[in-house]
Amino acid sequence: MKKILFVASEGVPFIKTGGLADVVGSLPKYLDKNQFDVRVILPKYMCMKEEYKKQLNYITHFYMDLGWRSQYVGVLETIYEGIHFYFIDNEYYFAGFKPYGNIYEDVEKFAFFSKAALSVLPVIEFQPDIIHCHDWQTGLVPVFLKDKFHENDFYANMKSVMTIHNLKFQGVWDMQSIKNITGLADYYFTPDKLELYGDANYLKGGLVYADALTTVSPSYAEEIKTPFYGENLDGLMRARAHDLRGIVNGLDYNEWNPQTDRLIYQNYSAGHFQEEKAKNKAELQKQLGLPQKKDAFMIGIVSRLTDQKGMDLIDYMMEEMCQQDYQIVVLGTGEEKYENMFRHFAWKYPEKVSANIYYSEDISHKIYAACDAFLMPSLFEPCGLSQLMSLRYGTVPIIRETGGLKDTVEPYNEYEGIGTGFSFANYNAHEMFDTIRYAHSVYVDKKTEWNKMVQRGMQADFSWNASAGKYAELYNWL
Ligand code: ADP
Ligand code: GLC
């Protein structure tokens, strides 16, 4: 039996800010239990929902050195859906209304968390063969491991994997402060290790020191070797190309299942969806105060409202989109200019636009179930889960061909009668709008074709079945 430890900054159902949490919370459940004992370690954030905080059992605590500081490390645990989760407690680091977001605090918070995640292992008597780290917040884990921990027999044989969910976020801060915080020697702060253009870079540390690297789709694995997508680390990605794999994310098909989902108005399946989706649409229109028009082309957006997600293209085309027989339903938070842009259009065109500028699991499920199409014109997209949720719920994705979007949505081909969505290649607002108009025309004029496409999407398999096997292969290879 191989032992695997996931170290991450978020995981469902405990804490979520984006797709990372979906992956960390679901992948462990889908790895073969006869082969792997997978456990997860997360921070115990004060902003975690009370219902989950209550479930955690205190195991122990101790003090750990971090640079010149000595810090309290509390350890809690719970078993959720068969998976063992550990939580690191420290009220100084993990207080606040959101898990993270201020980089000057976050760099110390995650240096602490990364070192603590390693330090607790003998205490909880779990000796993993592989430590699987996710994103910059855990970039220092492979570094600490190779630094002092490896000298200790308990850690000597542990391998590490670093998964890039988003190369844009790297955990960058000035070198002197990071030396001071981490207590790592000057040796580590050179351009072949943690330094990037004069600053300390956590993700780079992980990418240099981990034994294997992965990212969340094959296309993104290729893209990040180029300057456009490489975020100044494309050279390193090329240098480590042999150790880098792209494994597309899966969805937790138990949680995301239109047949059983209790958050939607009406359940349905790939075999029977037309009237049921119409019912979901009518109910959502009612709930959001949109006119209950059956034929309006309802386009959903559930997203962080940032440049990554192509919001500037939408901004550019919004006025024109509001002249069409569309209803645009947005759920998201992010950059203020985009939040206000959607608020503005909802005010100007209350019959066309519903702007829901907040976070809600509940509404997100209802949007995936109710809409006709889902718009995701990302500038870059490591994998993307929203388009997978849309496919699963029979909501046709309209995407830009990049990263995981390109790998998971097959473009509609009216001559061959194949495809699960609509796509465009260039990051261009008019190209996006043309694609939306094309989708709309198929929706209006070729209903049978449209419904077949919906069905193909619902039948496509984006569960963890295939991808969990690829992680298993990687673990075995290591
Ligand atoms: P990213 O992780 O880059 O934000 P993904 O597509 O991988 O993008 O995952 C986004 C996840 O977050 C999806 O599960 C999506 O439904 C969810 N999500 C995004 N914004 C909201 C919101 N405002 N309310 C509820 N869920 C949201
Ligand atoms: C990141 C990426 C997203 C991916 C998610 C989970 O947030 O932006 O594309 O789906 O991580 O891997």
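Atoms within each ligand, like the ligands themselves, are counted from 1 in listed order.
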If I apply the N/O under 3.5 Å rule, does [X] come out as touching ligand 1?
X	result
Ser364	no
Met376	no
Thr333	no

Which distance, rounded to the nearest 0.5 Å, do you find between the CE of Met46 and the CG of Asn90?
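Reported value, rounded in 0.5 Å steps: 10.5 Å.
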
Relative to atom 10 (O) of ligand 2, which among Ser386, Gly384, Gly19, Ala21 owns the nearest non-hydrogen atom?
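Shortest heavy-atom distance from atom 10 (O) of ligand 2: Gly384.
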
Option of least heavy-atom distance to atom 3 (C) of ligand 2 (set: Glu381, Gln308, Gln387, Lys168)
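Heavy atom nearest to atom 3 (C) of ligand 2 belongs to Glu381.
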
Determine whether any heavy atom of Lys309 lies closer than 4.0 Å to an atom of ligand 1.
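Judged by the 4.0 Å heavy-atom criterion, Lys309 does count as contacting ligand 1.
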
Flag the pair [X] / [Y] as yes when their ring centroid distance falls below 6.0 Å, and as no otherwise.
X	Y	answer
Tyr393	Phe273	no
His344	Phe342	no
Trp256	Tyr368	yes
Phe87	Tyr45	no

Look at the aromatic rings of His132 and Tyr471 and report parallel, tilted or perpendicular, splitting at 30° and 60°.
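The rings of His132 and Tyr471 sit tilted, inter-plane angle from 30° to 60°.
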
Using a 4.0 Å heavy-atom threshold (strictly under), name the region of [X] that reaches ligand 1: side chain, backbone, both or neither.
X	value
Tyr368	side chain
Asp22	side chain
Met389	side chain

Short N/O distance, under 3.5 Å, between Lys309 and ligand 2?
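No; every N/O pair is 3.5 Å or more apart.
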
Going by distance only, is there an N or O of Cys383 that falls short of 3.5 Å from an N or O of ligand 2?
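So ligand 2 has an N or O lying under 3.5 Å from an N or O of Cys383.
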
Who's the nearest protein heavy-atom neighbour of atom 25 (C) of ligand 1, and how far?
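Going by distance alone, atom 25 (C) of ligand 1 is nearest to Ser360 O, 3.3 Å.
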
Return the closest protein heavy atom for atom 12 (O) of ligand 2 as residue, atom name and distance.
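Going atom by atom, the protein heavy atom closest to atom 12 (O) of ligand 2 ends up being His165 ND1, 2.6 Å.
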
